[in-house]
Amino acid sequence: MGAVRFNPQPGDDVEQAKALTARLSQQVLCNKVEFRKIDSDHGKDVFTLESQGGKVIIGGNNANSMAVGLNRYLNRYCKVTVSWYADVPVVLPDVLPDVPFPERVTARVPQRFFLNYCTWGYSMPFWQWRDWERLIDWMALNGVNLPLAITGQEAVWYNVWTSLGMTDDEVRNYFTGPAYLPWHRMANIDGWCGPLPKEWLEHQTKLQQCIVERERALNMRPVLPAFAGHVPGKLRDLYPDADIQSLSSWAGFDEQYRTCFLGSEDPLYSRIQRLFLEEQTRLFGTDHIYGVDPFNEVDPPSFEPEYLNRITKHIYESLTAVDPEAEWLQMAWFLYYQRKDYTQERTRAMLTGVPQGKMTMLDYYCEYKEMWREHEGFYGQPFIWCYLGNFGGNTNVQGRAKEAGERIERALQECGDNLVGIGSTLEGLDIQQFPYEYILEKAWDYGKTDEQVTNELADRHAGNESKPVREAWQLLCDSVLDITPGNFAAPLPCSYPTLGKENRTVKYRPSNLLAVWDLLLQQDSSTTDAMTIDLIWVGRQLLGDLFVDVKRQLDADYERGDIDAFDHHREQLTDLMIDLDQLNDHHPQATLHTWLEQACDLGTTPEVKDYYEMNARRLITTWGGSLNDYACRNWSGLMNAYYHHRWMFYFQEMYGALYERRPFNEQVMKENIDTFQQEWVDIMRDYTKLEPSNLDVLSHCRLLREKYDQLLIQWINRPE
């Protein structure tokens, strides 16, 4: 088929690397760094780094490798972290250092994957080109060359569905709201928070064209979607003979939001595949690799091995009938999520329906469960080892980074050529990017120990070689960051109040986390953006964990009928929520204001702005179905305007029960909270923004540390 190409012309690699450098620093860095094209290392990506005549010379076999070399120079020698957020400038040292010894580093795997369908909901739904431009640069700096690229596909689907007879209203009501599109794309829900505005389709088309053009310029292969069988229920009326079946319900959503699947053997299937791929290629080009996930968190019409084998065989044939070079990229998440259903026999049948080497599996959650071990290395299909690290954009200290690194090393030794890549499938970006940089660094043969990696990380977060910060990060990596992220993994202040149940347990020694914060607080008055994040990240986790302990005491006060003690602990909990709100306010990406502002800025009329804001509010609070609080965030504004109000209903019901000498009425509390939540997301009540601290983040954290000194000591010393 005639693909529209956005790739740079041969020989553009040096110019693309220079352009990336200019986006990070217009003058200083550009004057110091020079790029040169070198040959690959026996077919492997490679970069070199050295100083000559006052210049830093970065060689690479392509622009992507050169970008990794540039990042190595910034991280190791300039002690600089490049943020993935566009509003964080790159602050360079006054004098750019030379490279003392030449380096030559080769990639250990050919493919470096990044992103997750869910990230488009939990972090990116309202991004503009400015936001994407920085993230693409960050991906290049970290060696990503296989990014998921699913923006703008609704415009393609709109053209497909209308060409098949559906009306404008029918198509846009079939789509979900913008924040929920990932789960529509994965065939989980239809229509939720719709209809999708027409202006969204137009904006996202232009945005995707910019995204794929830049990614290709930096030697990435954008993974575009293909038709996986998900169709509108309306097609049953238009094509009554088609094999269209309802898939299983998902996450507690009502029947009206249930999705439909068109059997791959039906002639209409191949027709839709052709319509979609040809229209997508016309708009966005192709790199011949497609994300296809027919049954993500929903049951297929049949689990019979023969059926599963036919499904994948016919889907692949429908791809190659349009694009003979087509490759299939498949999430292995379903093998974890529905592991009781996908036996080895069923999975083998499903994966071997595609010719070997034409389907690459994304082993999605390897820091917890490596599915390649459960399924014999995916029965000959190549796979990419992935670190998930974050569900729902939850904002707690979590991530088994060190263990993940050890698992990668074992996989590289055991899997041979079947392991073709390393990547990350994070659901939300949050503010702490260290674990993902660590995982992507494992794709390159640096030969560094974990201690060296951690020390380099600490230095660039501090902006200098700092013994206390090094000790803090060694303690974090060795003794705290060993938590497996889990669903609904937010700290207690962000959780739905329940009597006598904390729903959160601290899985590390609190004394270790306090020691980390104390070490970070030994910094001087100057802090980098990365250090600001560290102080917030650790501080809010510590105060959130302290909230658990005080809440236990509050519940004990209630059980004893001790009103004075109850008042005392209620005030402490209220203070903790206020202080968490103000602490988060030190970074724009830890605020409700930034999230809602992004949503509103994307709309062009008051009505659309309000609609986008409603989507933004709902996703991070009530979500929908049975997913209330799944994407909760420990953010400034949200803590004060939302979570604090929910806890007030808890306190009020406790007061009533104490004074009236009656049992705690959880149902009344729940009705009050549910009414408040619904009003907050639908009526879009203003939230009261607390006065920000007039202190810098370091001074503010020191003040909080002093304020809660006794409580923290009592908590740490209290017997478990």
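If you're wondering where the values come from, they're calculated on a predicted model, not measured in any experiment.
With sequence neighbours excluded, the residues that form a ring pair (Phe, Tyr, Trp, His ring centres under 6.0 Å) with Y336 are W333, Y365. F378 meets the ring pair (Phe, Tyr, Trp, His ring centres under 6.0 Å) test with F383; sequence neighbours excluded. A search for ring pair (Phe, Tyr, Trp, His ring centres under 6.0 Å) contacts involving H587 returns nothing, not counting sequence neighbours. Partners of K44 by salt bridge (Lys or Arg N to Asp or Glu O under 4.0 Å), not counting sequence neighbours: none found. Shown here are the salt bridge (Lys or Arg N to Asp or Glu O under 4.0 Å) partners of R134, two or more places apart in sequence or in another chain: there are none. Listed by chain and number, the residues in a side chain to side chain donor-acceptor pair (under 3.5 Å) with D445 amount to none (sequence neighbours excluded). Annotation: side-chain contact (heavy atoms from CB on, under 4.5 Å) contacts of N75 (sequence neighbours excluded): N71, R460. The salt bridge (Lys or Arg N to Asp or Glu O under 4.0 Å) check on R339 picks up nothing, with sequence neighbours excluded. For D534, the side chain to side chain donor-acceptor pair (under 3.5 Å) partners are Q432, H461, W473, not counting sequence neighbours. Residues satisfying the salt bridge (Lys or Arg N to Asp or Glu O under 4.0 Å) test with D450, not counting sequence neighbours, are none. In this view, E427 and Y630 satisfy the side chain to side chain donor-acceptor pair (under 3.5 Å) rule, not counting sequence neighbours. The side chain to side chain donor-acceptor pair (under 3.5 Å) test applied to W127 returns no partner, not counting sequence neighbours.
Ring-centre distance between W84 and W132: not below the 6.0 Å cut-off.
W138 and S83 are not linked by any side-chain donor-acceptor pair at a separation below 3.5 angstrom, with hydrogens and angles left out of the test.
The aromatic rings of Y436 and Y387 stand perpendicular to each other, their planes meeting at an angle above 60°, with 30° marking the opposite boundary.
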